[in-house]
Amino acid sequence: MKSYEEMANDVLKRRDEYRKERARQARIVRGVSLSALCLCLSSVIVIGGWTAINQKNDGHGNLPDLPPVNETEMPETDGYHNTDEIDTPDTSKIPTADPVIDTTPGHDVGNLPTEIPDDVTIIHIPNSSGSLADICIPVTTEYLLENANIVVIGEFLGTDSTTVTETMLFISEGRVKVAEVIKGEADSDDTLPISFYGGTVPVAQIVESVSPARLEKYGWLNMTKEEQQTFLITYSSSVDHADLKEGETYLFFLGDNEYGNFVMCGGLGAREVNEEGKVYNPDTRLYDDIPVIAKYSSLDEAKNNEMYGRYLPEYIPDGYLAESIKYIKSGGQLYLSGLWSCGYNDISWKISDADDYSDSRRTSAEDTVNYDLSLYPIPRAETVPDELREIVDDPVFDAEEVTLEVIYRRAYKVNDAGDTDGYRINFSIQIGDVIIDLRTKGITPEELYSMLGDLIE
């Protein structure tokens, strides 16, 4: 497990890459606390005032006094170009106190005007709630598809309200006009209520919800009541989240918690959909095809899958119940998989296209040194030569070479108290350009051979 310092350095690196990628126009980067930077993906707060945006202040709308900071000058850019000339600050000498303070003209603050004057300040405030909800980098599309209750594509209709928790989390409620349902209980053309981290509120609302001790360092308690009402705070929940804009289309991955249909993983569960109908993937920084997920209730139903259904087993032994049969298409991932269990025993069957990794593990049945587990007693970390480790761990056979003898050479038992004493078997077979990964525990080699049926004849 990574140390706190290593995690911080990873986040710092990701942050700097993100700033260059997005190329927001930056003038001054001031002193940064390591703890604030480590959690800056948890909360990014923009502070500005309506009067500060619309006209010059007469002294009543100025920002409160903030702790002294160090300054590092950065060259101006022309907005979204020439970003290679920007040097990111040296993070090896980060002070251990004070919030992050950036002056960033042109920063988009949601409902506020997009052209922001120079006197708007961004303050990164660490989320001290202890929640890991926002620390989800990287989050794969497959993970979100698997774990979301509802997945829809729809137009964001706007934010209806924002509340602030005592730990200074901003929770907003809004609505989505559903255009397409990928998973879950929702209908096309429905208006779906959602909740998400983020939103814009006046300082006064934060003061009412958060303890004075937590707010003291920001100077907001020194503001007049009028200033607290007119200075607005915008919270952004993660580095790569979608800044939800009214009228724009997104792919939403929604979980279910006390706030209802909640955008998963601090905002990473809301992905921009471009004009070509492709979805932004923050992990690859590319636009992918709309993901597809299909779940089946039975083996017979899954065999109707046009892509891979014909590669499923002939049958499942009596007593085994389906835990999951699903078809996933997302980015570079495309597979059909099934998992059946009976007590401690299970059968896993995954079908996908062959790739370079499967090619590297191909072996002939004649080359028993590549797969015969009787040659390599447990612990195999000590008995399998390094150069054979990958192929011995998971060999790939041409389907017509798989015999009962081959399966027996892959079968072994483990004397493990509290677990099944049946056979454990794993290998893969290739049929044309398709790979079938097999993992079983509890069934006999004869049963597996029978399940393969016509696939190996």
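This chain uses plain numbering: 1 for the first residue, then up along the sequence.
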Name each donor-acceptor pair under 3.5 Å that joins a side chain in residues 312-324 to protein atoms two or more places apart or in another chain, with its distance.
residue, atom, partner, partner atom, Å
Y315, OH, S450, OG, 3.4
E323, OE2, S341, OG, 2.5

Donor-acceptor contacts under 3.5 Å from residues 402-411 side chains, at least two apart:
residue, atom, partner, partner atom, Å
T403, OG1, E405, N, 3.4
T403, OG1, V406, N, 3.2
E405, OE2, R409, NE, 3.4
E405, OE2, R409, NH2, 3.0
Y408, OH, E446, OE1, 3.1
Y408, OH, E446, OE2, 2.6
R409, NH1, D372, OD2, 2.4
R410, NE, N426, O, 2.9
R410, NH1, Y371, O, 2.8
R410, NH1, V392, O, 2.9
R410, NH2, V392, O, 3.2
R410, NH2, D393, O, 3.4
R410, NH2, N426, O, 3.0
R410, NH2, N426, OD1, 3.4

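At least one cation-pi condition fails for R310 and Y308: the charged atom is not both under 6.0 angstrom from the six-membered ring centre and inside a 45 degree cone around its axis. A cation-pi geometry, defined here as NZ or CZ lying under 6.0 Å from the six-membered ring centre and within 45° of its normal, does not hold between K295 and Y327.
Atom CD of E387 has more than 12 neighbouring heavy atoms from other residues, nucleotides or ligands inside a 6.0 Å radius. A 6.0 Å sphere centred on CG of N304 holds more than 12 heavy atoms belonging to other residues, nucleotides or ligands. Annotation for N415: atom CG does not count as buried by contact number, only 12 or fewer foreign heavy atoms lying within 6.0 Å.
Contact of the Y423 side chain with the I443 side chain is not registered, since no non-hydrogen atoms from C-beta on lie closer than 4.5 Å. Under the 4.5 Å side-chain criterion, counting only non-hydrogen atoms from C-beta, M168 is in contact with I206. The shortest distance between side-chain heavy atoms of F262 and I194 does not fall below 4.5 Å. Inter-residue side-chain proximity for I347 and L438 is flagged as unmet; no heavy-atom pair is nearer than 4.5 Å.
Here the side chain of E301 pairs a donor or acceptor atom with the backbone of S297 at under 3.5 angstrom. Under the 3.5 Å distance criterion, the side-chain polar atoms of D398 are left unmatched by any main-chain donor or acceptor of E401. Using a distance-only test at 3.5 Å, with no hydrogens or angles considered, a donor-acceptor pair links the side chain of R389 to the main chain of V384. A side-chain donor-acceptor contact under 3.5 Å links S360 to the backbone of Y357. In this structure, the side chain of N305 engages the main chain of M307 through a donor-acceptor pair within 3.5 Å. Checking side-chain atoms of R380 against main-chain N and O of P377 turns up no donor-acceptor pair under 3.5 Å. Checking side-chain atoms of K441 against main-chain N and O of T420 turns up no donor-acceptor pair under 3.5 Å. With S172 contributing its side chain and G198 its backbone, the two residues share a donor-acceptor pair below 3.5 Å.
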(request) Report the C-alpha distance between D394 and S428 in whole Å, list the side-chain angles of each, state the deciding distance to 0.1 Å, and finish with yes or no for side chain to side chain donor-acceptor pair (under 3.5 Å). (result) CA-CA 7 Å; D394 187 9; S428 299; 3.2 Å; yes
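Across all their heavy atoms, Y449 and I456 have their closest contact at CE1-CD1, 3.5 Å. Closest heavy-atom contact between Y412 and L373: CD2-CD1, 3.5 Å. The nearest pair of heavy atoms linking L144 to C265 is CD2-SG, 4.3 Å. Across all non-hydrogen atoms, the minimal contact from T363 to I391 is CB-CD1, 3.8 Å. When all heavy atoms are compared, the tightest approach of A302 to I325 is CB-CG2, 3.5 Å. Between S195 and E173, the shortest heavy-atom contact is OG-CG, 3.8 Å.
Judged as a side chain to side chain donor-acceptor pair (under 3.5 Å), and not counting sequence neighbours, the contacts of S358 are D355. Applying the ring-ring contact (aromatic ring centres under 6.0 Å, His included) rule to Y296 yields no partners; only residues at least two apart in sequence or on another chain are considered. With sequence neighbours excluded, the residues forming a ring-ring contact (aromatic ring centres under 6.0 Å, His included) with Y287 are Y280, listed by chain and number.
The CZ atom of R424 sits 9.0 Å away from atom CG of D346, with the distance rounded to the nearest 0.5 Å.
Ring pair F252/F156 is tilted by interplanar angle, where 30° to 60° counts as tilted.
Every pair tested for side chain to side chain donor-acceptor pair (under 3.5 Å) that includes a residue from residues 252-268 fails, sequence neighbours excluded, so the list is empty.
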